[in-house]
Amino acid sequence: QVRLVESGGGTVQAGDSLRLSCQGPRPTFRSDIVGWFRQPPGKDREFVGSISWSTGATYLIDSVKGRFTISRDTAVNTVILQMNSLKPEDTAVYYCAADEFGGSSWSEYDYWGQGTQVTVSS
């Protein structure tokens, strides 16, 4: 069973930074892809980006490119979502998820964390 735990959310001002962490057990071939999703208030969950444990390759959606980065620390089985230049529209509950293949749809992921709230005020 892959269990993920997110941390690092909070309330910040526009332009500030936050660092979200997603920690889980040692990744296996069944959970190579770790994805980040977010769900703004009253909206559907949306894909933010992903990283491959095995290769380190990352993908980010256009709206966060240049502001967000995804990295991994294999020593502590943690994936980091570094969020800079935050905007009010980034306000959402952020989730990490893991899957063997993963993609941009939340339904493709088998394992999820509990979510962490990020609130950006203007």
Side-chain angles (χ1 to χ4, degrees):
Q1 181 73 23
V2 177
R3 298 188 180 188
L4 306 174
V5 177
E6 302 100 335
S7 61
T11 299
V12 296
Q13 299 283 328
D16 286 349
S17 299
L18 275 177
R19 184 174 182 264
L20 304 185
S21 297
C22 173
Q23 188 168 29
R26 181 179 297 276
T28 69
F29 70 94
R30 293 182 178 178
S31 59
D32 183 64
I33 303 298
V34 175
W36 284 97
F37 290 79
R38 64 186 180 185
Q39 188 162 17
K43 296 185 179 180
D44 293 334
R45 193 171 302 188
E46 67 172 352
F47 177 69
V48 176
S50 62
I51 187 168
S52 165
W53 272 109
S54 58
T55 68
T58 61
Y59 178 85
L60 289 163
I61 59 174
D62 287 344
S63 62
V64 304
K65 281 181 181 177
R67 300 189 297 123
F68 292 10
T69 59
I70 301 177
S71 60
R72 74 202 195 292
D73 186 338
T74 56
V76 291
N77 300 333
T78 299
V79 170
I80 303 296
L81 178 65
Q82 178 67 43
M83 305 186 295
N84 299 326
S85 302
L86 283 162
K87 303 176 180 180
E89 51 262 44
D90 295 318
T91 295
V93 177
Y94 283 71
Y95 300 88
C96 65
D99 189 76
E100 180 180 358
F101 299 110
S104 60
S105 173
W106 64 268
S107 62
E108 299 178 73
Y109 290 78
D110 287 336
Y111 309 105
W112 288 86
Q114 81 287 353
T116 185
Q117 177 69 47
V118 171
T119 302
V120 185
S121 58
S122 56

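Excluded from the calculations below are hydrogen atoms, water molecules and symmetry mates; all remaining heavy atoms, backbone and side chain alike, are included. All figures in this text were calculated on a predicted structure; none of them were measured in a lab.
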Using the disulfide bond (SG atoms under 2.5 Å apart) rule, collect all pairs that involve [range], keeping only residues at least two apart or in two chains.
range: residues 48-86; answer: none
range: residues 81-122; answer: Cys22-Cys96
range: residues 46-79; answer: none

Indicate every side-chain donor-acceptor pair of residues 12-19 with a distance under 3.5 Å to a residue at least two apart or in another chain.
{"from": "Gln13", "atom 1": "NE2", "to": "Ser121", "atom 2": "OG", "distance (Å)": "3.4"}
{"from": "Asp16", "atom 1": "OD2", "to": "Gln13", "atom 2": "N", "distance (Å)": "3.1"}
{"from": "Ser17", "atom 1": "OG", "to": "Asn84", "atom 2": "OD1", "distance (Å)": "2.9"}

**Q.** Minimal non-hydrogen separation, Ser31 against Ala98, with atom names
**A.**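 Where Ser31 meets Ala98 most closely, the heavy atoms are CB-CB, 3.9 Å.
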Q: Indicate the atoms forming the closest heavy-atom contact of Gly9 with Val118, along with that distance.
A: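 Taking every non-hydrogen atom into account, CA-CG2, 4.2 Å.
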Q | Among Ile51, Val48, Val64, Ile80, the one residue meeting side chain to side chain contact (heavy atoms under 4.5 Å, CB included) with Trp36 | A |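 The single option meeting the side chain to side chain contact (heavy atoms under 4.5 Å, CB included) with Trp36 is Val48.
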Partner set under side-chain contact (heavy atoms from CB on, under 4.5 Å) for [X], not counting sequence neighbours:
X: Ser52; value: Asp32, Ile33, Ser54, Thr55
X: Gln117; value: Thr91, Val93, Thr119
X: Ser63; value: Arg38, Ile61

**Q.** Validation row: Leu20, Met83 side chains within 4.5 angstrom (heavy atoms)
**A.**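 Of all side-chain heavy-atom pairs linking Met83 with Leu20, at least one is under 4.5 Å.
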Identify, with sequence neighbours excluded, every residue that meets side-chain hydrogen bond (donor to acceptor under 3.5 Å, both in side chains) alongside [X].
X: Thr58; value: none
X: Glu108; value: none
X: Gln39; value: none

How many angstroms lie between atom [atom1] of [X] and atom [atom2] of [Y], to the nearest 0.5 angstrom?
X: Leu81; Y: Phe37; atom1: CG; atom2: CZ; value: 12.5 Å
X: Arg45; Y: Ser107; atom1: CZ; atom2: OG; value: 11.0 Å
X: Asp44; Y: Glu46; atom1: CG; atom2: CD; value: 9.5 Å

Q) Under the ring pair (Phe, Tyr, Trp, His ring centres under 6.0 Å) test, which residues partner Phe68, sequence neighbours left out? A)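 So Phe68 forms no ring pair (Phe, Tyr, Trp, His ring centres under 6.0 Å) with any residue.
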Q) Hey, does the side chain of Tyr109 reach the backbone of Val34 with a donor-acceptor pair shorter than 3.5 angstrom? A)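 No; zero donor-acceptor contacts below 3.5 Å.
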Q: Keeping the roles fixed (side chain from Gln114, backbone from Val5), state whether a donor-acceptor pair exists under 3.5 Å.
A: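 It does not hold such a pair.
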**Q.** All pairs passing salt bridge (Lys or Arg N to Asp or Glu O under 4.0 Å) where residues 51-63 contributes a residue, at least two apart
**A.**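 The answer is Asp62-Lys65.
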